[in-house]
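Letters A, B, ... mirror the listed sequences (proteins, then strands); counts begin at 1.
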Amino acid sequence: MAVAILPDGSRKEIPDGSTIKALADGIGKRLGQAAVAGEIDGTVVDLTTRLTGEKQVKILTDRDPQALLVLRHSAAHVMAEAIQRIWPGALLAYGPALDNGFYYDIALDQPISSSDFARIEKEMASIIAEDRPFVRYELPFAEGLKRLEAEGNRYKVDNAQRAQQAGSACLSWYVTGEKGRNWEDLCMGPHIPSTGRIKGFKVMSVAQSHWHGDVTSDRFQRVYGTAFFDKKQLDEYLHLLEEARKRDHRVLGPQLGLFAIDDAVGQGLVLWKPKGAVVRQELQNFISEHLRRQGYHQVFTPHIGRLGLYKTSGHFPYYRESQFPPLVDREFISQKAAEGCSCAQLSNLMEAGEIDGYLLKPMNCPHHIRIYASEPHSYRDLPIRLAEFGTVYRWEKSGELGGMTRVRGFTQDDAHLFCMEEQVPAEVLGCLELVKIVLGTLGMNNYRVRVGLRDPDSAKYVGDPAQWDRAEAACLAAAQSLGVAFTKEPGEAAFYGPKIDFVVKDVIGREWQLGTVQVDYQLPQRFDLSYIGADNKSHRPVMIHRAPFGSMERVIGVLIEHFNGSFPLWLSPVQAIVLPISQKTSAFAQQVMEQLRAAGVRVEMDDSADKIGAKIRSASLQKIPYQLVVGEKEAAVNKVAVRHRNADQGQLDVEELLARLQQEIATKGVAEAVV
RNA sequence: GCUGCCAUAGCUCAGUGGUAGAGCGCGUCCUUGGUAAGGACGAGGUCGAGGGUUCAACCCCCUCUGGCAGCUCCA
């Protein structure tokens, strides 16, 4: 007899060699029907897997997230079969399940386009309608490899060899139906019992990918799809995508007049329009206030610096690929021209950085370092915390650019802390607390923290191992005391020191890397920074780089989506709008507006010829939090009828309203309703 | 950067080898209306840029620029 220990701890004896399906049927008819796959000692397996000995067993139904992955992997097979029906020459490579669907990498000369999706879906539907079972069979490596080689699909041969290296016992195939008659694919499984379990599916997109993710290697067409146990879940998913699309900052930002990206200005360069500038300015004021409280000093530095500065810092030429090309000194060019230097030679000199010229700054640290170095320092001065909303420029590859979250010019809420090594733990902690306050104020409490540590086996990290140990310990201790979940990520440290990244999840579940805190021993050394210690000797300070938001562009892009454009009052570009019922009350409306404006509220007035319903509609579409309706009834008693985020608040005195607005602004209340 | 798709009015998009259309927005006028769209009229387009094929190109071909998706990359 075999023994299955079920998740509730109960033991179930069944004949040795029974399948999981039989076990499920034995527990209950409905469980047997609902069963999709099994889990033995934590490994997901087919329902046809046979049980021996004593094992922890779980029956997976369509409610289990792991079962959804199985379904999607099976859907990938169905899609691959459909594609091969249409294009018999298509070579399959690899087709895994994903969190939100699946894909299959396919080598096919003819491009698959979105106009082909309907055809693919039609073939898939017919395969699903046949409700064919997934049947596994196995072959020993030698025999299996021989067969794959004969079939001439080197990707599958490669997959098989990798399976062998990974220690698999044999090779397995899955037939969708009857062996020898139906479609099959080399696959480790597991799969759902039959194709009919796929009730909702859709081919989503197609894109290019590369074999083993190597750009220089063979190219595949990666066809993405998604699948669900239930058509309704598919519809919900598609609806969610639609919602996400609607709150996309690239759509909402221009719609709300926050920013524009203009081809004439350049790819990845953001134009902040007046309303977007308000949001940014408010955020910067908010950070500045905390900087003052934490003993920072704000500085300003130029957008460019001499090339030599970045050679010292190591940014040039090491990172020249991701920098704008240098601005070459005019006289240097003339002199080289006089010497008979060709364009190609000049270009080579530029690549090598062997020119006199300037660089658009890719980072603020060298400038801040030169501020530090501009005067001698005593240990009594430390830590010195220099902060700047510093604009940097990076030559992101054109394919990487997108909206405000990936741009070529952006402003970091940057700061560099110069301290003694023993001050590192306290300073790192202070930085983390700042990030926590900043994110918490915006209601972004759903984040995780990654502590990037060095990979002890890698040579890319510079500096003294003992120093690394202390810095890593400080980062870990600080992360721990923060009281939020964090993960250690060996190999993710910067080459100059460990770092702590904040990855924020927005309201629709997408993750964004925002804030970062990095410990750096390297730059102080490169720039030969020093301070005079209590022992009257020269010592090397440690630097900490930190940016709670990372970049103003990215954080505001994320915030637009997080709030769906309905910013909390303190950030709203227009906080209130006065809506006169008719022009009879426009004088009173004007007076209300002026009164609020004089008190510092960002208020406007809709004096158009529209009726009140249309005025409310357009104010609502602009997501203006307070709509102040004034008609003859209000004018008579010197009040306004208040709508707050489309909820009627009744009539209020202007003074009462003002007090309420000021209170809400001062407390930086997060919008309670995301409309 | 690579691959695929895309580019028509301020926005969202129709459309045809014989030099263009809708809705929204915008302007003017009428209406002065009470909580998410009152009505009429009107203006607005080198059909992304450059080249080619053609009697004729917004449409077909090539190049470029830009956008989207993905791959790869992100100090």
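- Lys584(A) has a side-chain polar atom (N or O) that falls below the 4.0 Å cut-off from OP1 or OP2 of G33(B).
- Remark: the separation of the C1' atoms in A9(B) and C58(B) is 14 Å, to the nearest Å.
- With rounding to whole Å, Gln583(A) atom CD is found 16 Å from G34(B) atom C1'.
- In this structure a side-chain-to-backbone donor-acceptor pair under 3.5 Å is present from Lys615(A) to Pro580(A).
- There is no side-chain donor-acceptor pair under 3.5 Å between Gln649(A) and Tyr626(A).
- Between the side chains of Asp606(A) and Ser608(A), a donor-acceptor pair is found at a separation under 3.5 Å.
- Looking at which nucleotide of RNA chain B each of Ile616(A) and Asp248(A) is closest to, the 5′-most match is held by Ile616(A).
- Distance noted for atom P between U19(B) and C47(B): 14 Å (whole Å).
- Ionic pairing of Arg154(A) and Asp158(A) is not present here: no N-O contact between side-chain nitrogen and carboxylate oxygen is shorter than 4.0 angstrom.
- Counting heavy atoms of neighbouring residues, nucleotides and ligands inside a 6.0 Å radius, atom CZ of Arg306(A) does not exceed 12 of them.
- Contacts between residues 624-637 of chain A and RNA chain B, defined by a heavy-atom separation below 4.0 Å, involve Val629(A), Gly631(A), Glu632(A), Lys633(A), Glu634(A), listed by number.
- Taking atom P in both C5(B) and G39(B), one finds a spacing of 43 Å when rounded to whole Å.
- At distances below 3.5 Å, at least one donor-acceptor pair connects side-chain atoms of Ser551(A) with backbone N or O atoms of Arg554(A).
- Partner assigned to C41(B) is G27(B), using Watson-Crick or G-U wobble distances below 3.5 angstrom.
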Could you walk me through whether Ile369(A) and Met543(A) satisfy the side chain to side chain contact (heavy atoms under 4.5 Å, CB included) test, starting with their C-alpha distance in whole Å, then the side-chain angles of each, then the deciding distance to 0.1 Å, before giving a yes or no? CA-CA 9 Å; Ile369(A) 286 170; Met543(A) 270 177 79; 3.7 Å; yes
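- Between the side chains of Thr301(A) and Asn364(A), no donor-acceptor pair is found at a separation under 3.5 Å.
- Salt bridge status for Arg406(A) with Glu396(A): present, with a side-chain N to carboxylate O gap under 4.0 Å.
- With the nearest nucleotide of RNA chain B identified for both Ala614(A) and Ile581(A), Ile581(A) has the one nearer the 5' end.
- Side-chain contact check for Asp464(A) and Tyr521(A): no donor-acceptor pair (N or O, by modelled atom type) lies under 3.5 Å.
- In this structure, Arg72(A) forms no cation-pi arrangement with Phe102(A), as its terminal cationic atom is not both closer than 6.0 Å to the ring centre and no more than 45° off the ring axis.
- Salt-bridge formation is not detected for the pair Asp414(A)/Arg546(A): no Lys NZ or Arg NE/NH1/NH2 atom is positioned less than 4.0 Å from an Asp or Glu carboxylate oxygen.
- A distance-only check finds no donor-acceptor pair linking the side chain of Gln323(A) to the backbone of Leu360(A) [under 3.5 Å].
- Both distances falling under 3.5 Å, in either a Watson-Crick or a G-U wobble arrangement, place U12(B) opposite A22(B).
- Side-chain atoms of Glu634(A) never come within 3.5 Å of backbone atoms of Gln651(A) as a donor-acceptor pair (strictly under, hydrogens ignored).
- Across all strands shown, A56(B) remains unpaired; no Watson-Crick or G-U wobble contact has both distances below 3.5 Å.
- One can place CE of Met204(A) at 15 Å from C1' of C5(B), the figure rounded to the nearest angstrom.
- Looking at heavy-atom distances under 4.0 Å, Ala641(A) makes contact with a base.
- Within the shown strands, nothing qualifies as a pairing partner of C47(B) under the Watson-Crick or G-U definition with both distances less than 3.5 Å.
- Across the protein-nucleic acid pair, Asp606(A) atom CG and A37(B) atom P stand 14 Å apart, rounded to whole Å.
- The closest donor-acceptor contact from the side chain of Arg222(A) to the backbone of Asp105(A) lies at 3.5 Å or more, if one exists at all.
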5' to 3', nucleotides 22-28 of chain B under a 4.0 Å protein heavy-atom cut-off (B base, S sugar-phosphate only, - none) gives -------
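- Contacts between residues 89-104 of chain A and RNA chain B, defined by a heavy-atom separation below 4.0 Å, involve no residue at all.
- Atom C1' of U53(B) sits at a distance of 12 Å from the matching atom of G17(B), rounded to the whole Å.
- A gap of 15 Å separates the P atoms of G38(B) and U32(B), to the nearest Å.
- C6(B) and C64(B) have their C1' atoms separated by 16 Å, given to the nearest Å.
- When the P atom is used for both A36(B) and A20(B), the distance is 42 Å, rounded to whole Å.
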When you compare the protein's N or O atoms with those of nucleotides 65-68 of chain B, which come within less than 3.5 Å of each other, and at what distance?
residue, atom, partner, partner atom, Å
G66(B), OP1, Gln267(A), OE1, 3.2
G67(B), OP2, Gln267(A), NE2, 2.6
C68(B), OP1, Arg250(A), NH1, 3.4

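- Rounded to the nearest Å, the gap between the C1' atom of G44(B) and that of G25(B) is 12 Å.
- A donor-acceptor contact under 3.5 angstrom links the side-chain atoms of Arg643(A) to the base of U35(B).
- In this structure, Ser572(A) contributes its side chain and Phe567(A) its backbone to a donor-acceptor pair below 3.5 Å.
- Few gaps surround CZ on Phe316(A); more than 12 heavy atoms of other groups in view lie less than 6.0 Å from it.
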Should Tyr372(A) and Phe527(A) be marked as a ring pair (Phe, Tyr, Trp, His ring centres under 6.0 Å) after you check the CA-CA gap, both sets of side-chain angles, and the distance that decides it? CA-CA 10 Å; Tyr372(A) 177 89; Phe527(A) 281 92; over 10 Å; no
The contact string for nucleotides 70-75 of chain B, one letter per nucleotide 5' to 3', using protein heavy atoms under 4.0 Å with B, S and - for base, sugar-phosphate only and none, comes out as BBBBBB
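- In this structure, Arg219(A) atom CZ and C2(B) atom P are separated by 10 Å, rounded to whole Å.
- As a whole-Å value, the separation of Asp262(A) CG from G48(B) P is 17 Å.
- Atom-to-atom, CD of Gln622(A) to P of C11(B) comes out at 16 Å; the value is rounded to the nearest Å.
- The backbone N or O of Tyr224(A) sits nowhere less than 3.5 Å from a side-chain atom of Ser205(A) that would complete a donor-acceptor pair.
- A salt bridge is defined here as a Lys NZ or Arg NE, NH1 or NH2 lying under 4.0 Å from an Asp or Glu carboxylate O, and Arg450(A) with Asp501(A) meets this definition.
- The nearest whole Å value for the distance from the CG atom in Leu579(A) to the P atom in G33(B) is 16 Å.
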Extract from the structure each pairing of a protein N or O with an N or O of nucleotides 40-45 of chain B at less than 3.5 Å, listing the distance.
none

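- Looking at the side chain of Leu621(A), the nearest of the listed nucleotides A36(B), U32(B), G34(B) is A36(B).
- The residues Glu472(A) and Lys488(A) are annotated as not salt-bridged, no charged nitrogen and carboxylate oxygen being separated by less than 4.0 angstrom.
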